[in-house]
Every structure is written in structure tokens, then in C-alpha cells.
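Reading through the C-alpha cells given below for one structure.
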Amino acid sequence: LYDLSTTDFWAQWQDLPVLIKATFRQRGDQIRTRQVPSEHLPLGSVKTSGSTGIPVEIYGTSVSRGYWAALTVRDHRTVARDATQRYGAIRYLKKENRGEQGIRMPNWGGPVAELEQTGLGFGLHISHKPEVLAYWLGRVNPADLMTYPSVALELLRSDTRPPPALQEINFMAEPLDRELRLELEQ
């Protein structure tokens with residue numbers, strides 16, 4: 001795919017087969033490269049939560065983590081988020097952090113906290129019932145919330161009032177369908 005015109009690139013891109021999660025899980029070791037350039041090391045693994053029923057594990061390099069950090073900072077700067085406010089995330093958390101009280105962090109985490117002073121960060125594991133999620137959300141009162149669209153839908157359908165400080169919801173890991181987007185806008 002190198003040295004192609006834009007038209008040629010898109011034509012070849014569209015010819016590539018779609019990799020579905022089940023195939024990725026079955027053949028992940030065959031797909032993974034065995035020749036990572038030394039300047040891209042170290043490798044780190046990332047595991048998805050399996051919220052759609054099929055968890056996967058991928059490996060990232062120092063270069064891919066650098067791109068992620070740059071895109072994250074770009075996103076924060078583009079929308080002019082006020083990082084001094086509280087940040088909340090309802091997502092997959094490690095077993096030791098899955099209590100109903102959630103976790104409290106001193107900041108938003110990298111890469112934003114590496115570049116500027118941020119407000120507190122809070123997290124709650126995705127597996128709790130909507131009433132627990134709603135109570136936590138009201139108690140934490142974040143200005144910015146990151147979660148899955150399916151969690152936002154559960155909160156919306158449970159008649160949970162948005163916390164007073166909430167300014168923005170960021171979605172991850174699942175597609176945001178048009179119907180949910182319209183419901184949330186109301």
C-alpha cells in the first residue's frame with residue numbers, strides 16, 4: 001500500500017478483507033508481527049473488556065502509544081475541555097477496583113495530566129446496575145464523562161438526571177447509533 005495515489009490506495013484498501021473479532025481471537029498469534037523494530041519497543045498488551053461478548057488482546061508499541069497520546073491531547077485541545085474540572089469514567093476496571101464506590105484518582109491521567117494541571121479523576125466498573133451507576137454519577141458529579149453507549153442508554157432509560165456539572169459525554173468501544181444519539185440530545 002506504499003507509493004500509491006490516493007485513488008489507488010482506497011481501491012486497494014477496500015479490497016482488504018474485514019477482520020472480525022472471532023477470527024482475530026482465533027488467529028491473533030498468526031496475525032501479530034514477529035519483527036518489531038527495536039526503536040518501537042517495548043511492547044505492551046491491551047485487553048478489551050468483552051462488553052460485546054468477545055474480548056480481544058492486542059499489542060501496542062511505544063510508537064502506537066505515542067500516537068494515542070497525541071490524538072488524545074489533540075482531542076482535548078480541539079474541544080477546549082476544561083481539564084481542571086472533575087473527570088469520570090464508567091468502564092472496565094481491574095478486579096480490585098470494582099467496588100460500588102469506584103476509584104478516585106489524583107488527576108485525569110496521562111497524557112493530559114502530564115501536560116497540565118487537572119481536576120480529580122473517578123472511575124466505576126461497567127458491571128454495576130443502573131441505579132448504582134446513577135448514584136455514583138450524582139456523587140462524583142463529573143464535568144466530563146467517558147463511557148460506553150450501552151451504559152449511557154441504561155442510564156437514560158432509568159430516568160437518571162444528568163449531574164449538574166456534566167458538560168460532555170465521550171463514548172468508547174461501541175458504535176453510537178443514531179437512535180441513541182437523538183435520545184441523548186433531548
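Everything quoted here is computed from the prediction, not taken from an experiment.
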Interatomic spacing from CD in E131 to CD in E100 - rounded to 0.5 Å
9.0 Å

Would you mind reporting whether R34 and D29 have side-chain heavy atoms less than 4.5 Å apart?
yes

Nearest 0.5 Å please: distance from the OH atom of Y59 over to the OG atom of S64.
13.0 Å

What do you reckon, is OH of Y67 surrounded by more than 12 foreign heavy atoms closer than 6.0 Å?
no

Can you tell me if Y135 has over 12 outside heavy atoms packed within less than 6.0 Å of its OH?
no

Within this structure, what is the OG1-CG distance for the pair T72 and L115, rounded to the nearest 0.5 Å?
10.5 Å

So, using side chain to side chain donor-acceptor pair (under 3.5 Å) as the criterion, who are the partners of E116 when residues are at least two apart?
R77

Taking side chain to side chain donor-acceptor pair (under 3.5 Å) as the test, write out the residues that go with H128, two or more places apart.
none

Search all heavy atoms of N141 against all heavy atoms of P163 and return the closest pair with its distance.
OD1-CB, 3.1 Å

Tested for side-chain contact (heavy atoms from CB on, under 4.5 Å) against L133, the lone hit among T160, I90, I126 is I90

Are the side chain of Q85 and the backbone N or O of G119 linked by a donor-acceptor pair below 3.5 Å?
no

Would you kindly confirm whether L153 and M146 end up in one hydrophobic cluster when ILVMFWY residues are joined by side chain heavy atoms under 4.5 Å apart?
yes

Can you name the closest pair of heavy atoms from M105 and G123 and give their distance?
CE-N, 4.1 Å

Enclosure of R27 CZ (heavy-atom neighbours >12, cutoff 6.0 Å)
no

For L43, the other hydrophobic cluster members (4.5 Å side-chain criterion, sorted by chain and number) are V36, L41

Does W108 belong to the same Ile/Leu/Val/Met/Phe/Trp/Tyr cluster as L166, with side-chain heavy atoms less than 4.5 Å apart forming each link?
yes

If the threshold is 4.0 Å, N to carboxylate O, is there a salt bridge linking D75 and R81?
yes

For the pair V79 and E168, evaluate side-chain contact (heavy atoms from CB on, under 4.5 Å) and give the outcome as yes or no after the intermediate values.
CA-CA 10 Å; V79 298; E168 180 178 15; 4.3 Å; yes

For R157, is there an ion pair with E183 - N to carboxylate O distance below 4.0 angstrom?
yes

I would like to know whether D15 and Q12 meet side chain to side chain donor-acceptor pair (under 3.5 Å); could you show each step before the answer?
CA-CA 5 Å; D15 286 341; Q12 286 195 19; over 6 Å; no

Closest heavy-atom contact between M172 and P149?
O-CD, 3.6 Å

According to a hydrophobic-cluster definition based on side-chain heavy atoms being under 4.5 Å apart (Ile, Leu, Val, Met, Phe, Trp, Tyr only), do L182 and L176 belong together?
no

Is the closest side-chain heavy-atom distance between P37 and T61 below 4.5 Å?
no

Apply the test side-chain contact (heavy atoms from CB on, under 4.5 Å) to residues R98 and Y92: give CA-CA distance (whole Å), side-chain angles for both, the deciding distance (0.1 Å), then the verdict.
CA-CA 9 Å; R98 293 184 182 175; Y92 178 86; 3.1 Å; yes

Give a yes or no on whether F171 and L145 share a hydrophobic cluster (residues Ile, Leu, Val, Met, Phe, Trp, Tyr; joining criterion: side-chain heavy atoms under 4.5 Å apart).
yes

Interatomic spacing from OG in S45 to CZ in R32 - rounded to 0.5 Å
9.5 Å

Would you please test L19 and I31 for side-chain contact (heavy atoms from CB on, under 4.5 Å) and show each step?
CA-CA 10 Å; L19 179 61; I31 296 168; 4.0 Å; yes

All heavy atoms of R86 vs all of V140, minimum pair found to be NH1-O, 2.9 Å

Hey, could you give me the OG1/CG distance between T84 and L120, rounded to the nearest 0.5 Å?
11.0 Å

Report yes or no: does S62 contribute a side-chain atom to a donor-acceptor pair with the main-chain N or O of H40 at less than 3.5 Å?
yes

Show the nearest heavy-atom pair for residues R65 and G60, with the distance to one decimal.
NH1-O, 3.2 Å

Does atom CD of E39 have more than 12 heavy-atom neighbours from other groups under 6.0 Å away?
yes

Starting from L93, can I reach Y148 by hopping between I/L/V/M/F/W/Y residues whose side chains sit under 4.5 Å apart?
no

Report the distance from atom CG of L124 to atom CZ of R139, rounding to the nearest 0.5 Å.
8.5 Å

Which heavy atom of A134 sits nearest a heavy atom of L155, and at what distance?
N-CD2, 3.7 Å

